[in-house]
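Accompanying notes for the structure given below.
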Amino acid sequence: MSAAACIPFLPPPMAEAAAPETAINDVVVAGAKFSCGDEDVAGGGMVRRPRAVARKLTCERRALGEGFALRRGIGRPELDSLDPFLSLDEFEFSPPAGFHDHPHRGFENVTYMLEGGFSYHDFSGHKGTINTGDVQWMTAGRGVVHAEMPGGHGVQRGINLWINLSSKDKMVEPRYQELASQDIPAAERDGVSVKVIAGEALGARSPLQTRTPALCLDVTMRPGARLRQPVPPGWSACAYVIDGEAVFGDDDGESDAAAAGAHTCVVFGYGDDGGADGVAARTTERAAARFLLVAARPHGEAVVKDGPFVMNTREEVEQARDDYRNRRNGFEMAAGWSSDHAATAAAH
């Protein structure tokens, strides 16, 4: 559900979905239970081997038609994906831009608003607007058809993520999970403030249930602050700097550290043996920073992306297109349906 959601590959519910097999915050790695909530230091804790920075990508602003622009971190030639992340965009959205009625299948779509609002309407009747600081975590699963429009006048800004679903979850019932800004768990310690969108940090835990075990944190650091956030070994992880400048990676001389300014995507390595267990960040005495830290357990499966459909094989993608055209197998409610946004556009 989001403006940028529909950009990664083409012009991104509400029934119940079962909880993931593995809890969001507890993951079994090499026979041991790893909890994202073990802490000790401003921000994280029990991080014995912080990850080094594998690469930094500057995210240039790119206009895509009138009223829409984005800065892409994941889903670009240099970083096509970061399993299970298919795309990461910071977007700007304003009238007359809009994403009219369109389908999706096979992934989860996250929209987190930084400024302004985003209105949506889907074929099951779910509609509304998420505003500054709100998040919507949509599991498209077997099929969603919806429309998305700016939620007000002027420029609306947000961050959008596409997260792939595993083959066993691609045909689950669609689901929306939404949290207003004031309902997103938050914590603060030693100059570090965190909004916990998914997962756990600083003792705060999000109520969101993600099909793919994931961590998603909006982190703000005052000058001179330090953070160590646990991330399970083997998970993919990156940070997108929204404002200011932060230094990522350990600063004890054992691994490289890298400074990153606004609109930079920082990708973390896994450690030489895949055993790095967290992310370290700090700010200098002269600069503050705000960044989105995301991590998730990879699927290690084949991915075929084609427009609004993300499946494991070309045959499955073609089946998704055929299902949508014929309004079946998850797209039945699209028959004869059009969004409020489509009706408004037709009236003008």
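These numbers come from a predicted model, not from an experiment.
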Report the C-alpha separation of Ile163 and Phe107 in whole Å, then their side-chain angles, then the decisive distance to 0.1 Å, and conclude whether the side-chain contact (heavy atoms from CB on, under 4.5 Å) test is met. CA-CA 6 Å; Ile163 304 174; Phe107 63 95; over 6 Å; no

Please collect all salt bridge (charged side-chain N to carboxylate O under 4.0 Å, His left out) contacts where either partner lies in residues 110-119, sequence neighbours excluded, each pair once.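 Sorted pair list: Glu115-Arg157.
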
Applying salt bridge (charged side-chain N to carboxylate O under 4.0 Å, His left out), which residue pairs with at least one partner in residues 234-249 are found, sequence neighbours left out?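 Matches after skipping sequence neighbours: none remain.
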
With sequence neighbours excluded, tell me which residues meet side chain to side chain contact (heavy atoms under 4.5 Å, CB included) with [X].
{"X": "Glu78", "result": "Arg55, Leu57, Arg76"}
{"X": "Ala54", "result": "none"}
{"X": "Asp322", "result": "Gln319, Arg325, Asn326, Arg328"}
{"X": "Thr129", "result": "Ser119, Asn131"}

Which residues share a side chain to side chain donor-acceptor pair (under 3.5 Å) with [X], sequence neighbours left out:
{"X": "Asp183", "answer": "none"}
{"X": "Ser181", "answer": "Lys195"}
{"X": "Lys56", "answer": "none"}
{"X": "Gln156", "answer": "none"}

Report, as yes or no, whether the 6.0 Å neighbourhood of atom CD on Glu66 holds more than 12 heavy atoms from other residues, nucleotides or ligands.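 Counting other residues, nucleotides and ligands, CD of Glu66 stays at 12 neighbours or fewer.
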
Answer yes when Asp340 and Lys127 have at least one side-chain N-carboxylate O distance shorter than 4.0 Å, and no when they do not.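 The answer is yes: the pair qualifies as a salt bridge.
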
ring-ring contact (aromatic ring centres under 6.0 Å, His included) involving Phe291 - partner list, sequence neighbours excluded: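 Result, ring-ring contact (aromatic ring centres under 6.0 Å, His included) vs Phe291: Phe248.
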
Take Gln177 and Arg175 through the side-chain contact (heavy atoms from CB on, under 4.5 Å) test and state the conclusion after the steps. CA-CA 7 Å; Gln177 297 179 85; Arg175 183 186 189 187; 3.8 Å; yes

Between Trp337 and His146, is the ring centre distance below 6.0 Å?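 No.
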
Centroid separation under 6.0 Å, is that true for the rings of Tyr120 and His126?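 Between His126 and Tyr120, the centre distance is under 6.0 Å.
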
Side chains of Asn164 and Lys305: does their closest heavy-atom pair fall under 4.5 Å?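 No, their side chains stay 4.5 Å or more apart.
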
Inter- and intrachain pairs under side-chain hydrogen bond (donor to acceptor under 3.5 Å, both in side chains), touching residues 214-225, at least two apart: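 side-chain hydrogen bond (donor to acceptor under 3.5 Å, both in side chains) check on residues 214-225 returns Tyr112-Asp218, Glu188-Arg222, Asp218-Arg290.
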
Stepwise side-chain contact (heavy atoms from CB on, under 4.5 Å) check, Arg61 with Arg71: CA-CA 5 Å; Arg61 183 180 184 277; Arg71 298 175 184 271; 3.6 Å; yes

